[in-house]
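Since this is a predicted model, take the numbers as computed values, not measurements. In each ligand, atom 1 is the first atom listed, and ligand 1 is the first ligand listed.
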Amino acid sequence: MADGKGRTALVTGATDGVGRVVAGALAKDGWRVLVHGRDRQRGETLVREIEKAGGSATFLAADLASLAEVRRLAAEVRKATDRLDLLINNAGVMALPQRQTTADGFEMQLGTNYLGHYALTAHLLPLLRRGHQPRVVNLSSLAHRSGAIHFDDLQSTRSYAPGKAYCQSKLAMLIFALELQRRSDAAGWGLMSNAAHPGFARTDLIANGPGNSGLLSYLGRALQPFASHSAAAGALPTLFAATSSAAKAAGYYGPNGFYEMKGPPSPVIVQLALF
Ligand SMILES: NC(=O)c1ccc[n+]([C@@H]2O[C@H](COP(=O)([O-])OP(=O)(O)OC[C@H]3O[C@@H](n4cnc5c(N)ncnc54)[C@H](OP(=O)(O)O)[C@@H]3O)[C@@H](O)[C@H]2O)c1
């Protein structure tokens with residue numbers, strides 16, 4: 001990892017899972033980390049842990065499922081720093097069994113995983129453009145390969161399938177990463193935009209989403225004993241995309257093992273089926 005001294009990162013969804021590990025690793029490497037989440041208690045516990053280990057962190061609370069809260073979060077980031085060197089769009093929800101909507105009426109997975117991060121990135125673009133070799137890393141998933149953008153029913157109002165909505169949101173995150181790089185190059189913003197996925201990392205993503213119901217939960221339980229790795233291992237592709245000098249603009253990084261489920265980080269397959 002490149003030295004983060006004097007540099008500032010914002011990690012969304014840093015109160016749990018992969019984001020928590022990523023925030024801790026960046027802080028250990030000298031980054032000042034703005035850790036985002038919804039749960040103030042867990043956020044402040046993480047800040048204390050980072051500070052105890054000699055690092056620097058600030059907790060910022062916001063629900064990404066509300067565009068007003070996203071706007072407020074961006075304002076808090078602007079108060080905390082006058083430049084941002086790294087934005088990791090990590091927070092996410094997976095395969096909610098029943099269709100839910102955000103404060104603005106969007107389907108919850110598209111709204112949280114993609115639209116909230118899209119709005120946050122747009123609000124923070126001026127700060128990022130002032131950053132030192134600024135990067136934006138979007139969390140996608142193996143699930144992007146099974147995804148399509150359902151332009152005829154983007155918000156799953158006509159028919160809702162938990163996995164289908166998740167796959168769409170994660171495909172949207174990957175397309176967003178690639179398109180952000182294209183637009184940055186065209187406009188001279190100087191960003192590196194890339195994407196990462198953790199493979200199958202043992203976090204609370206399933207418990208927080210489908211719980212014990214549905215295909216993704218069943219597959220998760222069946223594959224976990226031999227095809228998963230720890231949250232710490234799952235964080236490595238994100239850390240690679242965010243900090244390695246070998247990471248490339250518009251790159252996509254994940255584990256290099258069987259079907260990209262586990263293993264050390266490497267470039268992984270981009271499979272874009274828009275429809
Ligand atoms: N674990 C895997 O195998 C896997 C595989 C592929 C992709 N991913 C992706 O990796 C990312 C991290 O997942 P994870 O496994 O670490 O999940 P996790 O353990 O469930 O953590 C998710 C984080 O996102 C936050 N979050 C969820 N909804 C939010 C909202 N509306 N507003 C603000 N924060 C919100 C959570 O905060 P709360 O604690 O407040 O809920 C938590 O901090 C996600 O984007 C996920 O899609 C994970």
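Checked by atom type, the side-chain pair R202/S230 shows no donor-acceptor distance below 3.5 Å. For the residue pair N256 and S266, no side-chain donor N or O sits within less than 3.5 Å of a side-chain acceptor on the partner. Defined by atom type and a distance below 3.5 Å, a donor-acceptor pair is missing between the side-chain atoms of S156 and H150.
Classification of the F176-Y114 ring pair by plane angle, with boundaries at 30° and 60°, yields perpendicular. Taking the six-membered ring for Trp and thresholds of 30 and 60 degrees, H197 and Y252 have ring planes inclined between 30 and 60 degrees apart.
The ligand atoms of ligand 1 that sit less than 4.0 angstrom from a heavy atom of F200 are 3 (O). The contact set between ligand 1 and D204, taken as ligand atoms under 4.0 Å from a residue heavy atom, comprises 19 (O), 20 (O). When each atom of ligand 1 is checked for a heavy atom of G17 under 4.0 Å away, the hits are 16 (O), 19 (O). Close approach to S140 involves these atoms of ligand 1, each under 4.0 Å from a residue heavy atom: 7 (C). Atoms of ligand 1 lying under 4.0 Å from at least one heavy atom of N90, given by number and element, are 11 (C), 12 (C), 44 (C), 45 (O). For ligand 1, the atoms sitting less than 4.0 Å from at least one non-hydrogen atom of H36 are 33 (C), 34 (N), numbered in the order shown with element in parentheses.
Not a single heavy atom of G37 lies less than 4.0 angstrom from ligand 1. Look at M108 and you'll find every heavy atom at least 4.0 Å from all atoms of ligand 1. Heavy-atom separations between G234 and ligand 1 are all 4.0 Å or longer. Contact annotation: A207 has no heavy atom less than 4.0 Å from any atom of ligand 1.
Ionic pairing of D85 and R135 is not present here: no N-O contact between side-chain nitrogen and carboxylate oxygen is shorter than 4.0 angstrom. Salt-bridge check for R72 with E69: passed, with a basic side-chain N closer than 4.0 Å to an acidic carboxylate O. Between D29 and K5 no salt bridge is recorded (no basic side-chain N to carboxylate O distance below 4.0 Å). A salt bridge does not link K79 to E76: none of the charged side-chain nitrogens sits closer than 4.0 Å to a carboxylate oxygen.
Contact annotation: for L205 versus ligand 1, heavy atoms closer than 4.0 Å belong to both the backbone and the side chain. Here V18 has heavy atoms under 4.0 Å from ligand 1 in both its backbone and its side chain. Contact annotation for L64 and ligand 1: heavy atoms of both the backbone and the side chain come within less than 4.0 Å of the ligand. Contacts with ligand 1 closer than 4.0 Å are made by no heavy atom of M94, backbone or side chain. Contacts between A231 and ligand 1 below 4.0 angstrom, taking non-hydrogen atoms only, are absent altogether. Within the 4.0 Å heavy-atom criterion, neither part of Y114 lies near ligand 1. When non-hydrogen atoms are compared, ligand 1 lies under 4.0 Å from neither the backbone nor the side chain of R202. Under 4.0 angstrom from ligand 1, the non-hydrogen atoms of A62 all belong to its backbone.
In this structure, the side chain of Q109 engages the main chain of A95 through a donor-acceptor pair within 3.5 Å. At distances below 3.5 Å, not a single donor-acceptor pair connects side-chain atoms of S244 with backbone N or O atoms of A241. Remark: the backbone N or O of V270 is not paired with any side-chain donor or acceptor of R145 at under 3.5 angstrom. Under the 3.5 Å distance criterion, the side-chain polar atoms of H229 are matched with a main-chain donor or acceptor of P198. Looking only at distances, no side-chain donor or acceptor of E44 sits under 3.5 Å from a matching main-chain atom of F59.
Taking atom 40 (O) of ligand 1 as the reference point, the nearest protein heavy-atom neighbour is R38 NE, 3.1 Å. Ranking protein heavy atoms by distance to atom 39 (O) of ligand 1, first place goes to R42 NH2, 2.6 Å. Remark: minimum distance from atom 21 (O) of ligand 1 to any protein heavy atom is reached at D16 CB, 3.9 Å. In this structure, the protein non-hydrogen atom closest to atom 31 (N) of ligand 1 is D63 OD1, 2.8 Å. Protein heavy atom in closest approach to atom 15 (O) of ligand 1: T203 OG1, 2.5 Å. The single protein non-hydrogen atom nearest to atom 26 (N) of ligand 1 is A91 CB, 3.9 Å, given as residue, atom name and distance. Of the protein's non-hydrogen atoms, the one nearest atom 20 (O) of ligand 1 is N208 ND2, 3.1 Å. Here the protein heavy atom with the shortest distance to atom 22 (C) of ligand 1 is G92 O, 3.8 Å.
The environment of R183 atom CZ is sparse: at most 12 non-hydrogen atoms of other residues, nucleotides or ligands sit within 6.0 angstrom.
Linking Ile, Leu, Val, Met, Phe, Trp and Tyr whenever their side-chain heavy atoms come within less than 4.5 Å leaves L180 and M192 in two separate clusters.
In terms of N/O distances under 3.5 Å, ligand 1 is approached by G13. For ligand 1, the polar-atom distance check finds an N/O of T15 within less than 3.5 Å of one of the ligand's N/O atoms.
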